[in-house]
Each structure stands twice: as structure tokens, then as C-alpha cells.
Amino acid sequence: MKGGLKLKLEGVYKNFDEIKVLHNFNLAVDDKEITCILGPSGCGKSTLLNIMAGIIKPDVGSVKDNKKKVGYVFQEDRLLPWKTVYENIKIVNKKASDLKLKNLINLVGLTDFENKYPGQLSGGMRQRCAIARAFNFQSELLLMDEPFKSLDYDLRINMVKSLIDIWHKWNNAIVFVTHEIDEAILLGNKIVVLSKNPCTVETIINVNTPQNLRNLEDRELVAVRTKLIKILSNQKDASTYKSA
Ligand SMILES: Nc1ncnc2c1ncn2[C@@H]1O[C@H](COP(=O)(O)OP(=O)(O)OP(=O)(O)O)[C@@H](O)[C@H]1O
């Protein structure tokens with residue numbers, strides 16, 4: 001596999017009994033890039049991430065990878081209820097310094113809650129804790145399944161900026177599933193639009209403006225947005241997507 005590639009799926013098929021989910025699915029995930037995945041509800045995005053993570057195997061096809069450390073932010077937070085925010089974040093990298101952990105907690109806006117247990121937090125706060133935990137585990141490939149969906153708009157935009165900052169420092173590969181068109185436009189080097197029944201790659205749009213210079217009103221990004229809205233509005237489940 002080419003050095004610049006982190007992951008390559010070729011001719012992947014996945015069924016669950018009679019449900020045909022992935023169908024002749026082909027996708028290359030480049031190293032040091034953010035790949036955003038947009039697709040209708042229930043099309044197979046989580047299944048795709050689980051295959052990328054090696055949690056489930058495809059029925060047919062190959063998954064070639066040169067990753068060693070995979071991070072995964074699931075749709076649900078998966079925090080340990082008997083550990084505090086601080087301890088939940090520390091658990092994936094016990095060597096992290098106290099300063100690093102406190103900076104991460106600050107980054108996700110949980111400074112006053114570091115000694116609270118998950119049961120004492122709102123859903124959005126728990127999800128932010130899960131995101132800080134993923135940031136503490138410096139993975140080569142970070143899979144994120146709608147990580148910001150329970151956050152309000154301002155917080156989401158802040159989390160997008162924080163993710164870009166962290167990614168600039170790490171230079172890892174990120175695969176980011178979202179229903180938010182603007183999140184995909186702000187984050188993706190590549191925006192992959194999926195179809196449903198069966199799930200396959202419908203279109204890939206490359207975005208050239210560096211993430212730290214992106215503004216949704218820029219000409220390139222307005223053009224990407226117009227193109228995406230046109231493609232997505234032709235899909236059966238167009239109501240799946242949000243554009244702020
Ligand atoms: N373990 C499983 N057993 C049986 N069916 C499954 C399993 N996992 C997923 N499916 C089915 O596969 C299809 C794709 O599910 P998946 O969760 O991958 O979609 P998704 O695009 O992530 O959905 P959403 O946008 O709602 O998060 C659905 O029809 C789902 O019911």
C-alpha cells in the first residue's frame with residue numbers, strides 16, 4: 001500500500017441477514033487528512049467505521065491498512081460510570097501529565113466538572129468527556145461517529161476548531177461521520193457522500209483551502225456547499241442533513 005495511505009477498502013460487501021448494507025464499497029483514507037462522511041440515516045456509516053476499526057469483518061472484499069493505534073469516538077459516550085471525568089480521560093493514556101489532562105478538560109469546557117462522575121453530567125457533557133478521552137489517546141487513525149451531535153451550535157463550532165488545532169499538532173488521519181453539512185465543509189480534506197440501499201460511495205469532493213483558513217463565506221466553500229446541497233437534495237432521505 002502507498003505510504004500516504006492509512007486505509008484502503010476495496011470491493012467491500014457487508015450484509016446483516018437479509019439487510020444489504022455495504023455494496024462494492026471502495027474508499028481510500030489518506031494519512032494526515034480528514035475524511036468526512038455524509039450519508040442518509042441508516043445507510044451504513046457506523047458499519048463502515050466498525051469495519052475500518054476492525055471490530056467487524058466484511059463478508060467480501062479487502063481492508064488494507066498500515067495503522068497501529070486506532071481511536072474511536074462512538075455515537076454513545078461509553079464512559080466508565082465509576083470513574084470521574086479526569087479519570088475517564090486519563091485511562092487511555094496513563095502517562096499523560098496532569099497539565100495535559102487539565103488542558104484537555106479545559107478544551108472541552110469541563111474544568112468545573114473534572115471530579116464529577118458521568119451520572120452527574122448532561123448527555124452533551126458526557127460526550128465532550130469522551131472527545132477529550134479520544135484526544136488524550138494519540139491515535140494514528142481517529143474514527144469519529146457524529147461526535148458533536150448532542151452539542152449546541154456554538155459549542156459545536158468551538159469543538160470543530162479544537163479538532164482542527166489538535167489534528168494540526170498530531171497530523172493523524174481522521175474519519176469523521178456527520179449529518180451537518182457545515183461541519184463537513186469546515187473539516188474535510190475530502191467529503192465523501194454515501195448513497196443508501198445499498199450504501200456505496202456516490203461522490204467525493206476535495207476541499208483545498210487549509211482548515212485553519214476556512215470561512216464558510218469563502219468562494220471555494222460556498223461552491224462546495226452548493227454542490228453538496230444539490231447532490232444531497234436528490235437523495236431519498238434529504239431531510240437527514242442539517243445546514244445551519
Ligand atoms: N449488528 C447488526 N445486526 C443487524 N443489523 C444491523 C447491525 N448493525 C447495523 N445493522 C443494520 O444495518 C443498517 C446500517 O446501520 P448503521 O448503524 O451502520 O447505519 P448509520 O448510517 O450509521 O445510521 P445512523 O445515521 O442512524 O447513525 C441498518 O439497517 C441497521 O439496522
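Atoms within a ligand are numbered from 1 in the order they appear, just like the ligands themselves. Sequential numbering from 1 along the given sequence is applied to the chain's residues.
- Asp98 and Tyr86 share a donor-acceptor pair across their side chains, judged by distance under 3.5 Å alone.
- Considering backbone and side-chain N/O atoms, Cys43 comes within less than 3.5 Å of an N/O atom of ligand 1.
- Within the cation-pi definition used here (under 6.0 Å to the ring centroid, within 45° of the axis), Arg156 does not qualify as a partner of Tyr153.
- At a threshold of 4.0 Å, the pair Glu114-Lys116 does not count as salt-bridged, since none of the basic side-chain nitrogens sits closer than that to a carboxylate oxygen.
- The only option from Val63, Val70, Asp65, Leu27 that meets the side chain to side chain contact (heavy atoms under 4.5 Å, CB included) definition with Met52 turns out to be Leu27.
- The Lys45 neighbourhood of ligand 1 comprises atoms 18 (O), 19 (O), 20 (P), 21 (O), 22 (O), 24 (P), 25 (O), with distances under 4.0 Å to a heavy atom of that residue.
- Side-chain atoms of Thr178 and Glu183 include a donor-acceptor pair closer than 3.5 Å.
- Contacts with ligand 1 closer than 4.0 Å are made by side-chain heavy atoms of Val21 only, the backbone lying farther away.
- Using a 4.0 angstrom heavy-atom cutoff, Lys196 does not count as in contact with ligand 1.
- Among the atoms of Gly44, some N or O lies under 3.5 angstrom from an N or O of ligand 1.
- Across Asp17, Leu48, Ile19, Ile56, heavy-atom proximity to atom 29 (O) of ligand 1 is greatest for Ile19.
- Close approach of ligand 1 to Glu146 (heavy-atom distance below 4.0 Å) involves ligand atoms 27 (O).
- Residue Ser41 has at least one heavy-atom neighbour below 4.0 Å for each of these atoms of ligand 1: 25 (O), 26 (O).
- The ligand atoms of ligand 1 that sit less than 4.0 angstrom from a heavy atom of His179 are 25 (O).
- Residue pairs meeting the ring pair (Phe, Tyr, Trp, His ring centres under 6.0 Å) criterion with at least one partner in residues 8-54, sequence neighbours excluded, are Tyr13-His23.
- Closest heavy-atom approach to atom 14 (C) of ligand 1 among the candidates Ser46, Pro40, Gly42, Gly39: Gly42.
- Residue pairs meeting the ring pair (Phe, Tyr, Trp, His ring centres under 6.0 Å) criterion with at least one member in residues 193-230, sequence neighbours excluded, do not occur.
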